K.L.:
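Let me begin by handing over the structure; questions about it come next.
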There are 2 protein chains.
Amino acid sequence: MTIHKIARLAKVSIATVSRTINGVPTVDPVLARRVWRVIEKQGYYPNRHARSLVSGRSRIFGLMVPEAPNAFFPEIIHTFARLCIQHNYQVLLSAICQDAGLLETAARQMIERRVDGVAILTFREQESLVEIFRDRNVSVFVIDSDRPGPLLRSVCIDYQHGIRQAVQHLAALGHNRIAFVSGPAHLKTAAVQKNAFHACMKEIGLQVAAEILLEGDHTMEAGAEAASSLVSLRHRPTAVVCSNDLMAIGLMHKASELYLDIPGDLSVVGFEDIPFAKYMIPQLTTVQISREEIATVAFETLFAAADPAINGDTQIVSSIATNLVVRGSTSMGPGRVRDGRRSRAGRAHAQANRFI
Amino acid sequence: MTIHKIARLAKVSIATVSRTINGVPTVDPVLARRVWRVIEKQGYYPNRHARSLVSGRSRIFGLMVPEAPNAFFPEIIHTFARLCIQHNYQVLLSAICQDAGLLETAARQMIERRVDGVAILTFREQESLVEIFRDRNVSVFVIDSDRPGPLLRSVCIDYQHGIRQAVQHLAALGHNRIAFVSGPAHLKTAAVQKNAFHACMKEIGLQVAAEILLEGDHTMEAGAEAASSLVSLRHRPTAVVCSNDLMAIGLMHKASELYLDIPGDLSVVGFEDIPFAKYMIPQLTTVQISREEIATVAFETLFAAADPAINGDTQIVSSIATNLVVRGSTSMGPGRVRDGRRSRAGRAHAQANRFI
DNA sequence: CTGTTAGCGCGTTCAA
DNA sequence: TTGAACGCGCTAACAG
């Protein structure tokens with residue numbers, strides 16, 4: 001079933017069939033209708049390989065995401081995929097795995113398939129990956145690049161806004177000794193977030209003692225360690241902001257083991273708002289990063305870059321907002337509690353209203 | 001950068017370049033080396049569209065998974081993708097969304113791309129989707145099909161084994177009034193699981209009262225409702241098996257609101273072992289379904305079916321095993337408790353050893 | 001063992 | 001407005 005058969009059945013040339021399919025306006029409506037009828041009757045689906053080969057555009061985007069178990073990326077994948085389908089694009093997926101060889105193979109496959117662009121959606125920098133694509137003139141989209149260009153599109157996440165909300169939320173609840181668990185030093189964003197935290201604390205006149213500035217590698221284990229560290233302090237903080245949800249969750253687990261009541265003894269704020277967050281007991285208050293927005297910006301940027309009709313320099317949005325989602329893991333600090341420590345029952349009740 | 005340029009630089013014909021790339025053994029090693037050197041020096045990547053077009057094999061598999069928020073499928077995606085890369089295949093991804101039109105478009109795109117096979121990995125039947133592919137002679141892999149054939153490969157999940165382990169685990173702990181929350185009636189697997197539960201209870205001589213056989217739609221809300229129902233019974237069960245983890249988690253939440261201690265007052269067993277399961281407090285005891293195994297079977301089945309060198313009828317494995325993972329949400333029942341209800345501290349301690 | 005040649009299915013010129 | 005012819009980059013015959 002090829003274009004030739006359709007042409008023969010519709011008694012036109014293959015050129016007319018091609019024009020009809022591609023919506024060229026100069027086709028006689030009568031012929032076009034005839035062609036469409038045959039196409040539908042025969043259930044003809046044009047061969048995309050042939051189209052890609054001759055047109056030079058594959059209408060495929062590569063998508064590379066880490067295989068982290070934290071449920072942050074699946075939603076991105078699906079949003080990106082949906083947008084692609086809606087715009088008659090297809091998604092070639094690959095995980096960003098530890099195995100450098102496999103990763104390179106994946107990149108190579110995408111290039112062999114002549115993708116019109118690649119979205120590398122991860123918080124870790126992937127310099128070598130980006131370079132591979134740049135060498136082949138493939139446009140790439142990444143998160144938080146500090147030096148985007150014509151072939152390297154990017155959008156920055158406005159961490160400061162979310163962190164400010166978190167800090168001010170806690171301060172408003174009467175906390176003045178607020179700890180921060182940053183990400184691993186090798187992540188550029190870790191420094192950005194830490195600085196943002198400092199700035200936000202300073203804004204409202206709160207001190208940041210060195211001992212309540214911790215660092216973790218974004219795993220639950222790291223969160224657990226942070227909990228242990230905080231508990232061992234002479235002068236404990238009454239609230240803590242974690243730079244990702246997984247650490248916040250690990251911290252909550254460990255706190256529970258250490259007979260620390262959350263949020264009674266310690267208010268906890270996470271970052272990202274992964275699906276787990278609202279399945280915790282108590283549900284985790286966290287700074288949300290919109291996965292849908294990231295996927296949308298990534299797609300639209302690549303789409304614009306791939307479309308020859310569009311000026312390649314169009315910048316869609318300047319940054320991705322972050323927003324605090326208040327749930328059950330934060331409550332009033334020592335300065336505000338009137339009726340003593342809140343009871344477990346009280347928390348359960350308060351939480352009931354936020355269920356799901 | 002095409003095969004012609006390589007041929008010219010290596011002073012051979014394009015046929016020799018093609019043979020070299022494809023590892024045809026009759027190529028003179030001297031020439032082959034020369035060709036490879038040029039290929040590498042030039043950074044030549046063959047155009048897969050052209051190869052697919054002429055060879056008739058795209059070396060692409062379609063992968064369709066639901067965009068459920070339960071973290072069951074992401075791991076499947078990545079395992080499948082990894083296997084594809086390792087076997088020089090590529091993955092075209094699409095979500096199984098509610099919008100039937102979009103879904104059909106996605107299927108159409110895969111067919112236009114002449115995929116060598118499609119894995120539809122979901123627990124809901126997708127009759128119409130399967131039909132679309134069957135009409136185009138595309139081999140499809142699905143989970144739990146009851147009538148597989150040459151174009152419809154499948155593997156069944158051995159629910160019975162896992163459910164038996166769950167039931168016997170609870171019975172061994174001294175529970176004899178065990179509830180079951182099945183999936184929605186429209187899922188074929190729901191009936192299978194329910195029957196398995198009945199059989200396993202009967203095996204060990206336990207009664208199944210109709211009132212402790214509930215049904216839910218696999219959401220957390222359904223689990224919460226199940227909790228309410230069970231609590232309202234005159235003669236409450238002391239343990240409950242849920243047909244998926246999300247319901248088990250919802251049930252745990254609601255139980256907590258109702259001042260029901262888990263596992264002290266009620267032991268809970270889930271199904272699937274989604275990543276959330278071990279992040280709950282207490283960690284959820286659940287029947288694991290190996291996502292890696294499902295992805296592997298799906299890939300290998302499609303791979304074998306696509307390879308003309310392999311006999312198309314090879315069946316890789318007969319079924320996917322399910323296995324109980326014992327964690328913190330189950331404990332001794334009324335028949336076994338010696339020192340009265342277990343304390344919260346006791347549980348936390350017990351759980352500490354299983355942390356992470 | 002190598003080179004020449006004919007397509008794979010389609011988009012796109014160029015005449016008509 | 002339409003159709004014949006060319007070529008996208010590659011594989012697979014076939015001839016040498």
Side-chain angles (χ1 to χ4, degrees), chain A residues 1-36 38-39 42-60 88 90 108-109 111-116 136 308-309, chain B residues 1-36 38-39 42-60 88 90 108-109 111-116 136 308-309:
Chain A
M1 173 70 57
T2 76
I3 203 173
H4 288 96
K5 186 174 177 189
I6 303 301
R8 188 155 33 81
L9 291 173
K11 296 188 182 44
V12 294
S13 69
I14 60 163
T16 299
V17 177
S18 177
R19 291 192 193 102
T20 304
I21 289 173
N22 292 302
V24 174
T26 62
V27 176
D28 182 340
V30 179
L31 283 192
R33 242 194 307 281
R34 210 162 77 205
V35 169
W36 277 124
V38 174
I39 286 177
Q42 300 290 317
Y44 166 68
Y45 286 7
N47 184 323
R48 274 207 171 285
H49 298 298
R51 304 180 79 169
S52 298
L53 183 59
V54 66
S55 73
R57 277 186 74 184
S58 63
R59 296 202 77 91
I60 296 180
N88 199 21
Q90 297 188 284
R108 188 201 164 92
Q109 288 190 355
I111 293 168
E112 290 191 357
R113 202 60 82 171
R114 304 298 190 258
V115 291
D116 291 340
R136 319 303 286 222
Chain B
M1 174 68 57
T2 76
I3 204 173
H4 287 96
K5 186 173 176 190
I6 303 300
R8 186 155 34 79
L9 292 172
K11 296 187 190 21
V12 295
S13 71
I14 60 166
T16 299
V17 177
S18 177
R19 290 193 194 101
T20 304
I21 290 172
N22 292 302
V24 174
T26 62
V27 176
D28 183 339
V30 179
L31 282 192
R33 244 193 307 281
R34 209 161 77 205
V35 170
W36 277 123
V38 174
I39 286 177
Q42 300 292 316
Y44 165 68
Y45 286 9
N47 185 324
R48 272 205 173 288
H49 298 298
R51 303 179 80 168
S52 298
L53 183 59
V54 65
S55 73
R57 278 186 73 184
S58 63
R59 296 201 78 88
I60 295 180
N88 200 20
Q90 298 188 284
R108 188 201 165 91
Q109 289 190 353
I111 293 167
E112 291 190 357
R113 200 62 80 173
R114 303 298 191 258
V115 290
D116 291 339
R136 318 301 285 220

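In this text the structure is predicted, and so the values were computed from the model without any measurement. Residue numbering restarts at 1 for every chain, and letters A, B, ... go by the order of the sequence lines.
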K.L.:
State the CZ-CG distance between Arg34(A) and Leu9(A), to the nearest 0.5 angstrom.
P.N.:
11.0 Å
K.L.:
With a 4.5 Å cut-off on side-chain heavy atoms, are Gln109(A) and Arg113(A) touching?
P.N.:
no
K.L.:
Classify the nucleic acid contact of Ile21(A) as base, sugar-phosphate or nothing, counting any heavy atom under 4.0 Å across all strands shown.
P.N.:
nothing
K.L.:
The side chain of Ala15(A) is closest to which nucleotide in this list: dG3(C), dG9(C), dG3(D)?
P.N.:
dG3(D)
K.L.:
Can you tell me which nucleotide in dT11(D), dC10(C), dG3(D) comes closest to the side chain of Ser13(A)?
P.N.:
dG3(D)
K.L.:
Rounded to the Å, how far apart are Asn22(B) CG and dA13(D) C1'?
P.N.:
15 Å
K.L.:
Got a donor-acceptor contact below 3.5 angstrom from the Asn22(B) side chain to the Val24(B) backbone?
P.N.:
no
K.L.:
Go nucleotide by nucleotide along DNA chain D from the 5' end; which of Leu53(B) and Arg19(B) gets its closest nucleotide reached first?
P.N.:
Leu53(B)
K.L.:
Measure from the side-chain heavy atoms of Ile14(B) and tell me the nearest of dT5(C), dC10(C), dG11(C).
P.N.:
dT5(C)
K.L.:
Across the strands shown, which category fits Ser18(A) at heavy-atom distances under 4.0 angstrom: base, sugar-phosphate, nothing?
P.N.:
base
K.L.:
Does one side chain, of Arg48(A) or Ser52(B), offer a donor that lies under 3.5 Å from an acceptor on the other?
P.N.:
no
K.L.:
Which residue lies toward the 5' end of DNA chain C, Lys11(B) or Asn47(A), if each is placed at its nearest nucleotide?
P.N.:
Lys11(B)
K.L.:
What integer distance in Å separates His49(B):NE2 from dC10(C):P?
P.N.:
15 Å
K.L.:
Measure from CE on Met1(B) to P on dC8(D) and round the result to the nearest Å.
P.N.:
15 Å
K.L.:
Taking the side chain of Asp28(B) as its heavy atoms from C-beta onward, which of dT1(D), dG7(C), dT2(C) lies nearest to it?
P.N.:
dT2(C)
K.L.:
Measure CZ/Arg57(A) against P/dG9(C) and give the value in whole Å, please.
P.N.:
24 Å
K.L.:
Can you check the Arg59(A) CZ to dC10(C) P distance for me, whole Å?
P.N.:
16 Å
K.L.:
Provide, to the nearest angstrom, the distance between the CZ atom belonging to Arg8(B) and the C1' atom belonging to dC10(D).
P.N.:
16 Å
K.L.:
Classify the nucleic acid contact of Val27(A) as base, sugar-phosphate or nothing, counting any heavy atom under 4.0 Å across all strands shown.
P.N.:
sugar-phosphate
K.L.:
Looking only at side-chain N and O atoms, does Arg51(A) come under 4.0 Å of OP1 or OP2 in dC10(C)?
P.N.:
no
K.L.:
Rounded to whole angstroms, how far apart are OH on Tyr45(A) and P on dG9(C)?
P.N.:
18 Å
K.L.:
So, is Tyr44(A) close to the dC10(C) phosphate, meaning a side-chain N or O under 4.0 Å from OP1 or OP2?
P.N.:
yes
K.L.:
Just to confirm, is there a sub-4.0 Å distance from OP1 or OP2 of dT2(C) to any side-chain nitrogen or oxygen of Thr16(B)?
P.N.:
no
K.L.:
From CZ of Arg114(B) over to C1' of dG9(C), roughly how many Å is that when rounded to an integer?
P.N.:
9 Å
K.L.:
Could you report the tightest heavy-atom contact between Asp28(A) and Val30(A), atom names first, then the distance?
P.N.:
OD1-N, 2.9 Å
